[in-house]
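In what follows, chains are A, B, ... by sequence order, proteins preceding strands, each numbered from 1. Given the structure is predicted, the values throughout are model-derived calculations rather than measurements.
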Amino acid sequence: MTDWTKYRNLTLAGLMGASLLSMPVAAQEGEPIKVGILHSLSGTMAISETTLKDTILFMIEQQNAAGGVLGRPLEVVTVDIASDWPLAAELARRLIEVDEVDVVFGCWTSVCRKSVLPVFEELNGLLFYPVQYEGEESQRNVFYTGASPNQQAIPAVDYLMNEEGVERWVLAGTDYVYPQTTNLILEQYLKDAGVAAEDIMINYTPFGHSDWQTIVSDIVAFGSEGKKTAVVSTINGDANVPFYRELGNQGVAAEDIPVVAFSVGEEELSGFDTTPLVGHLAAWNYFMSVDTPENAEFIAAWHDFIGDDSRVTNDPMEAHYIGFNLWVKAVEAAGTTDADAVIDSIVGQETPNLTGGIATMLPNHHITKPVLIGEIQEDGQFFVVWETDGLVEGDAWSDFLPGSMDLIADWTDPINCGNYNTVTETCGGS
Amino acid sequence: MITAAILRALDKKAIWVISILLLAAILVPLSNLMLPVGHPLRVPNYLVPLMGKYLSYAMLALALDLIWGYCGILSLGHGAFFALGGYAMGVYLMRQIGTRGVYAHPELPDFMVFLGWPELPWYWLGMDQFWFAAIMVMLVPGILAFVFGWFAFRSRVTGVYLSIITQAMTFALMLAFFRNDMGFGGNNGLTDFRDILGTPIAAPTTRAILFAATAIALALSFLVCSMIVKSKLGKVMVAVRDAESRTRFIGYRVENVKLLAFTVSAVIAGIAGALYVPQVGIINPGEFAPANSIEVVIWAAVGGRGTLIGPIIGAIIVNVGKSYFTAALPDFWLFALGGLFIFVTLFLPKGVVGLFTSVWNAIQARRASSSAQKGVGPAPGPETDFPITTESDAGNAQPKTNPAE
Amino acid sequence: MRTAHPFRLFLVTILVAILAGLSSGARAQTVSEIVPTMADTNLRGLAAAVEALAATGEPQAVAVLEALGAGNLYETADGGIYIRAGSGPIRDAATGETAEGVAPGDLKLIRINNSLRRDIRAAIGNLTLLSDDANVRLRAAREMFGTADPANIELLDEALAEETNPSVRTVMEQARAAAILKTDVSEEEFAAAVAVIAARGDRQALGILNSNLANASEIERVNIEAGIARINQALALQGIGQNVWYGISLGSVLLLAAIGLAITFGVMGVINMAHGEMVMIGAYVTFVVQEIIRTTNPGLFDYSLAIAVPAAFLITGLIGVGIERGIIRWLYGRPLETLLATWGLSLVIQQGVRTIFGATNRDVGNPSYMSGAFEFFGIALTWNRFWIVIFALVVFALLLLVLNKTPLGLQMRAVTQNRRMASAMGIRTPWIDAMTFGLGSGVAGLAGVALSQIDNVSPNLGQGYIIDSFMVVVFGGVGNLWGTLVGAMTLGIANKFLEPYAGAVLAKIVILVLIILFIQRRPRGLFALKGRAVEQ
């Protein structure tokens with residue numbers, strides 16, 4: 001059973017040799033630094049995660065062309081977690097223990113992160129997690145480069161309330177933890193803002209739900225009570241396409257009942273004709289259509305790398321871009337890839353994001369991000385109709401949930417704790 | 001009497017299998033804990049839980065084969081029993097976290113705190129006691145299998161119909177466990193375990209003991225299954241598999257035989273699940289996915305159904321392959337896996353074990369034929385205890401009638 | 001108290017401006033003066049331009065507004081504003097004349113947001129209420145009904161005085177009534193307006209009545225509540241009809257997905273786990289057909305499905321024949337083993353498609369006749385669902401015909417009933433096996449074409465339907481096409497009636513439990529085959 005490690009090392013050696021041959025050797029002296037990619041390349045999540053694997057491959061190629069990190073070349077180890085979460089934990093362990101990678105970029109779903117988290121904690125690895133999530137977590141070995149609810153959901157609701165005058169809310173989501181938590185936070189937030197309970201409708205559907213007739217007609221019915229109504233959608237992944245198709249066909253126009261989505265980006269929209277959906281909204285921290293020189297350069301280089309000009313970019317890709325650059329900066333600041341040193345040096349590191357701002361790694365291992373609200377256009381892109389004045393700091397613990405109001409995360413001395421209770425001044429678990 | 005049954009079960013092959021498993025249960029932990037890091041004979045840390053995972057899968061495949069290979073019941077929902085056992089263990093492990101959750105709540109797990117649950121649901125009570133959880137690990141899958149089987153076998157639901165409703169069962173359970181309102185953590189499932197029986201779950205010693213426990217449990221399950229198939233009950237089971245109506249007409253209560261086998265099989269699957277969870281560190285509704293249950297069937301088929309050793313070998317081969325190929329060929333491993341299944345069904349209908357058996361038989365036959373020239377005895381029969389014949393699927397055959405009338 | 005919403009205030013401002021422009025004849029800006037201000041500006045600037053355009057009352061203003069709303073208005077770097085619909089000629093926005101010397105590459109789309117879109121709609125409504133075209137007037141009146149602004153009353157009165165078309169008139173009256181409800185009028189007038197709205201009887205009417213409930217006087221309130229009760233009653237009835245329709249529509253999707261399986265699994269006894277992948281391949285064939293049409297002959301796009309249907313049938317049918325010849329035929333007599341082989345096959349096909357087409361969704365468009373909805377006794381039926389129901393029934397009927405009325409069908413039935421006898425009668429059983437499996441796969445491909453219109457086209461498409469398909473076939477009774485039809489419709493309708501009460505997740509669980517219980521009662525499905533053959 002142990003035999004395969006040997007073979008694996010052989011293939012690795014082969015790959016290494018090949019990559020060394022094909023790269024400019026000048027700046028590439030020394031042991032390679034290994035980067036692990038832990039994404040689903042098959043199964044239900046492959047649809048979203050394959051692009052992220054390519055993004056990291058792309059970043060690594062660019063970094064190597066620029067001379068690597070600490071003068072050492074980067075070497076990639078890719079695994080397929082096949083949308084199977086125990087397998088994700090197993091492969092995470094493999095990456096750290098067998099392949100001895102120095103950093104891992106991976107996961108999309110919360111369950112994937114939750115599944116590998118104990119492994120990273122035990123083996124003291126580094127994980128960069130690039131997707132917007134429900135918050136309520138901060139772990140020493142994990143860096144959350146996607147949005148937390150206060151960087152996406154709450155600004156979106158603010159926008160609808162203030163700019164569109166929405167008074168009645170449908171919170172529609174897939175039945176799992178991210179929508180449940182986000183909706184719980186939003187419900188509290190809306191009630192605090194004076195929205196009556198009967199003006200909030202919450203609806204959950206199973207994963208991959210494809211028959212949306214009843215729910216869309218319920219939304220139409222809910223929206224015809226004479227108050228301006230909007231849908232806040234945390235519907236996940238594949239279920240969005242049939243949902244939007246049904247919306248379009250039942251004639252739910254964005255001017256009447258706008259839908260703001262947190263999980264629908266350029267990648268999801270590239271799957272169908274968006275003409276009937278023009279005007280529906282999405283809240284993200286990045287859109288492909290953002291007009292900045294950094295973004296134009298990134299898109300051009302990406303198209304070059306992937307060899308297909310029709311491939312879109314999206315928010316989690318930007319998160320990986322930021323995460324990768326922050327890691328490079330932290331390694332260079334620390335002078336080593338050692339996990340403890342990187343964890344110490346990464347807080348406070350800054351790197352330009354693609355929307356013209358600066359992403360800073362905060363002590364709670366979240367980053368600063370702008371919040372953009374975009375309207376879907378006919379070409380499947382988003383037109384930014386609103387953005388926050390400055391950057392929003394990611395909040396690990398929501399201020400709107402009773403259990404986590406008093407908690408903060410701070411991985412710098414003297415607190416050094418992911419769930420520090422500011423009232424009792426103790427570190428949660430201890 | 002039990003001793004007699006055990007002795008009868010312990011034929012040469014069974015002794016081999018059990019000895020190997022027990023040896024592994026001793027040697028793997030010893031080598032992992034005692035030998036220095038870097039020693040060529042040392043089993044590395046990451047391999048210990050991984051091998052434990054393979055063995056718990058092997059146990060699940062064994063449980064499935066007891067009913068499929070010997071009783072002709074093709075369950076496409078055995079993953080459900082495995083997952084239920086796993087959840088029972090998971091709930092116990094969650095309760096062991098105590099105040100070390102992120103919200104430091106003395107009782108509630110984290111996901112209940114932030115979803116605003118006021119107190120533990122009733123079915124979480126008592127699960128902080130290991131003995132109680134251990135009973136639940138067997139009881140929950142056992143009762144579900146008993147109730148399900150009681151209805152299904154009494155109504156004489158057979159063949160494909162039974163397969164499909166077992167699939168419906170696991171699918172319904174998956175959807176139910178995905179619901180956050182079920183109180184089992186929804187899609188995220190149960191994770192971030194700390195202690196088991198007062199020892200830290202991530203400690204090498206705990207891992208080694210868990211592995212040993214899995215190997216021993218597998219050995220015991222093998223013994224139990226062996227006892228069953230060697231007993232009179234086992235003979236009736238095979239009779240049910242090969243000609244259900246005939247067995248019924250002879251006077252056997254077919255439904256009781258099936259029900260017993262089904263329930264025992266579910267309990268073994270539940271124990272396998274309970275051993276699986278602490279070693280992989282997570283249980284989530286994905287374990288209920290119908291695809292997982294189908295995979296279990298495939299393990300048994302790859303190894304060789306209708307033998308007890310086949311499913312163990314099959315589960316290990318397929319999962320080692322999966323572990324290896326997902327890392328070595330991330331973009332193409334499904335081709336390899338899918339290709340393997342097609343290859344095995346087309347060319348190795350009796351699985352890997354069947355291949356060995358026929359090779360062995362060929363050697364024996366050659367030997368026999370060379371001795372036959374001297375006029376000595378007939379060629380020995382196949383090594384499998386209850387060879388699968390093409391007839392064996394008769395119980396599952398489709399009614400061949402006019403489709404449109 | 002109604003809140004003075006900024007948007008509403010803004011509308012009032014526009015309308016006051018229009019009315020001022022119309023009545024006093026004060027000199028307003030002309031279109032050619034306003035249009036240049038739309039270049040290189042922001043949303044606020046565009047809003048001002050829309051307001052000004054509305055005030056001109058010129059026909060060209062309507063053209064500019066419509067172009068802006070439809071995303072057909074472009075600017076160039078030198079400040080020119082042009083209209084271009086699709087790939088049509090480029091016109092100067094100020095004059096409407098064809099513009100010379102402007103390259104399509106220089107055009108930059110002027111983008112708008114939702115509130116601007118609403119402003120445009122309202123402005124167009126006001127500008128076109130007195131149009132010569134009845135349809136345009138109807139659209140304008142509907143728009144006014146939606147905005148229900150008291151400032152429109154005068155304009156509506158003016159329009160009503162001249163209106164002769166009864167349907168336009170009705171909508172205008174409703175729009176007027178909706179606006180009246182927002183003003184301080186006498187109780188009689190109020191009651192009349194309530195009656196007009198209540199007579200409309202749809203959700204929009206209900207919305208208007210509901211929103212007026214809060215600030216109505218006692219007597220008015222009684223009126224409104226009676227109206228609401230009447231509408232609710234009608235809607236409840238409609239709700240039942242709607243659920244039945246949704247059920248039929250879900251049922252026909254299930255039928256399409258399952259019917260191919262009813263042949264490969266039901267008739268041949270092959271537990272075909274690769275069935276979902278055949279459906280998926282059908283959807284990808286649609287994608288490829290559309291892609292070819294898009295690049296070679298975009299004008300044919302509306303016919304893409306008509307081309308995709310036979311193409312998908314043939315391609316998946318051929319693949320099916322290949323599978324039968326290559327794999328399945330070695331496994332007859334071992335039905336459960338077909339499960340393993342076809343499962344392996346489904347993994348290979350999925351990964352193959354993922355390698356060729358990528359893991360992400362592919363864009364399959366709806367032809368024009370598959371988009372939108374129509375009203376049928378107050379129930380909104382979407383065209384794509386409607387056509388899928390028809391398509392499913394047609395496929396079902398054709399399949400029945402093939403099985404019962406053609407020599408091929410006769411031979412298929414003969415082979416499945418008694419292979420040896422059939423063979424002895426001179427039927428080439430291997431050929432029939434291949435044809436049957438090919439037919440089942442081909443029908444699965446047809447399902448793929450239909451599903452590409454409502455679901456994602458991704459490598460996982462088939463996985464989402466395979467379990468449901470097995471449930472339908474088994475529930476209906478293996479080996480019986482009518483059982484599949486009834487099974488699919490029953491499950492669809494039951495699901496849709498449960499969904500409003502239990503929610504989508506629970507409804508699905510309940511249905512599964514019901515299937516399990518049902519099989520206990522009827523161990524061979526809904527349409528069990530009788531006779532000795534059943535007992536093995």
Side-chain angles (χ1 to χ4, degrees), chain B residues 68 74 76 148 151-152 154-165 167-169 171-173 175-176 178-179 243-245 290-291 294-295 297-298 301-302 331-335 337-346 349 390-391 393-405, chain C residues 262-263 266-269 271 273 327 330-331 333-341 343-348 350-352 355 400 403-404 409 412-413 416-419 463 467 470-471 474 478-482 505-506 508-509 512-513 515-516 519-521 523-525 529 531 533-536:
Chain B
W68 183 37
L74 176 59
L76 292 181
F148 188 90
F151 282 110
R154 214 148 285 259
S155 315
R156 300 198 189 166
V157 182
T158 53
V160 157
Y161 290 90
L162 188 85
S163 303
I164 298 296
I165 62 168
Q167 189 173 52
M169 173 191 78
F171 191 48
L173 280 169
L175 292 175
F178 264 129
R179 286 165 50 83
E244 181 169 340
S245 301
I294 293 174
E295 255 190 54
V297 175
I298 285 169
V302 167
D331 291 315
F332 299 101
W333 69 277
L334 275 174
F335 289 125
L337 195 70
L340 173 74
F341 298 157
I342 299 172
F343 177 83
V344 166
T345 20
L346 284 185
T390 45
E391 254 180 301
D393 282 320
N396 303 309
Q398 306 310 307
K400 308 272 197 227
T401 19
N402 187 337
E405 283 177 9
Chain C
I263 295 180
V267 176
M268 296 183 76
I271 305 182
M273 284 293 173
I327 298 174
W330 309 106
L331 302 174
R334 297 191 276 152
L336 288 178
E337 266 147 70
T338 57
L339 176 138
L340 311 183
W343 175 257
L345 193 67
S346 87
L347 295 184
V348 170
Q350 266 182 55
Q351 192 64 16
T355 312
L400 269 189
L403 283 177
N404 289 334
M412 278 180 192
R413 286 180 291 146
T416 47
Q417 278 172 26
N418 193 329
R419 175 176 300 270
Q463 290 293 299
I467 292 176
F470 270 103
M471 296 301 154
V474 164
V478 174
N480 191 319
L481 281 190
W482 284 104
V505 190
L506 260 187
K508 208 156 181 196
I509 297 174
L512 287 168
V513 172
I515 291 177
I516 294 175
I519 294 292
Q520 316 295 333
R521 296 289 305 160
R524 303 243 161 228
L529 294 159
V534 179
E535 293 291 320
Q536 10 197 295

Worksheet item: So what's closer than 4.5 Å to chain B heavy atoms on L331(C): side chain, backbone, both or neither?
Response: side chain
Worksheet entry | Test item: R524(C) and T158(B) side chains (from C-beta on) under 4.5 Å apart, heavy atoms | yes
Discussion item. Less than 4.5 Å apart, side chain to side chain, heavy atoms only: is that true for Q520(C) and V157(B)?
Written reply: yes
Practice prompt. Take V344(B) and L340(C) through the test side-chain contact (heavy atoms from CB on, under 4.5 Å) and record every step on the way to the result.
Written response: CA-CA 9 Å; V344(B) 166; L340(C) 311 183; over 6 Å; no
Item to complete: Side-chain contact test, heavy atoms from C-beta onward, threshold under 4.5 Å: evaluate it for R179(B) versus I509(C) and give yes or no.
Response: yes
Worksheet item: What's the shortest heavy-atom distance between L339(C) and V297(B), and which atoms?
Response: CD2-CG1, 4.4 Å
Worksheet item: Under a 4.5 Å heavy-atom cut-off, does chain C meet the side chain of I164(B), its backbone, both or neither?
Response: both
Worksheet, complete the sentence: T345(B) and A341(C) have their tightest heavy-atom pair at OG1-CB, 3.5 Å
Worksheet item: Does any heavy atom of chain C fall under 4.5 Å from the side chain of L76(B), the backbone, both, or neither of them?
Response: side chain
Discussion item. Minimum heavy-atom separation for F335(B) and V348(C), please, with both atom names.
Written reply: CE2-O, 3.4 Å
Fill in: Proximity breakdown for S346(C) and chain B, heavy-atom pairs closer than 4.5 Å
neither
Worksheet item: Picking from T355(C), I327(C), T338(C), which has the most non-hydrogen pairs under 4.5 angstrom with chain B?
Response: I327(C)
Item to complete: Side chain from CB out, backbone as N, CA, C, O: work out which of these in M273(C) comes under 4.5 Å of a heavy atom of chain B, or both, or neither.
Response: side chain
Worksheet item: Roughly how far, to the nearest 0.5 Å, is CD1 of I516(C) from CE of M169(B)?
Response: 7.0 Å
Worksheet entry | Top contributor to chain B contacts, counting heavy-atom pairs under 4.5 Å, from R419(C), K508(C), Q350(C) | K508(C)
Worksheet item: Do you know which two heavy atoms are closest between Y161(B) and V478(C), and how far apart they sit?
Response: OH-N, 3.0 Å
Worksheet item: Would you call L345(C) and F341(B) a side-chain contact if the rule is heavy atoms closer than 4.5 Å?
Response: no
Response to the item:
Nearest heavy-atom approach of I294(B) to W343(C) is CG2-CD2, 3.7 Å
Response to the item:
So, the part of I263(C) with a heavy atom under 4.5 Å from chain B: the answer is neither
Worksheet entry | Closest non-hydrogen atom pair, D331(B) against Q351(C) | O-NE2, 2.7 Å
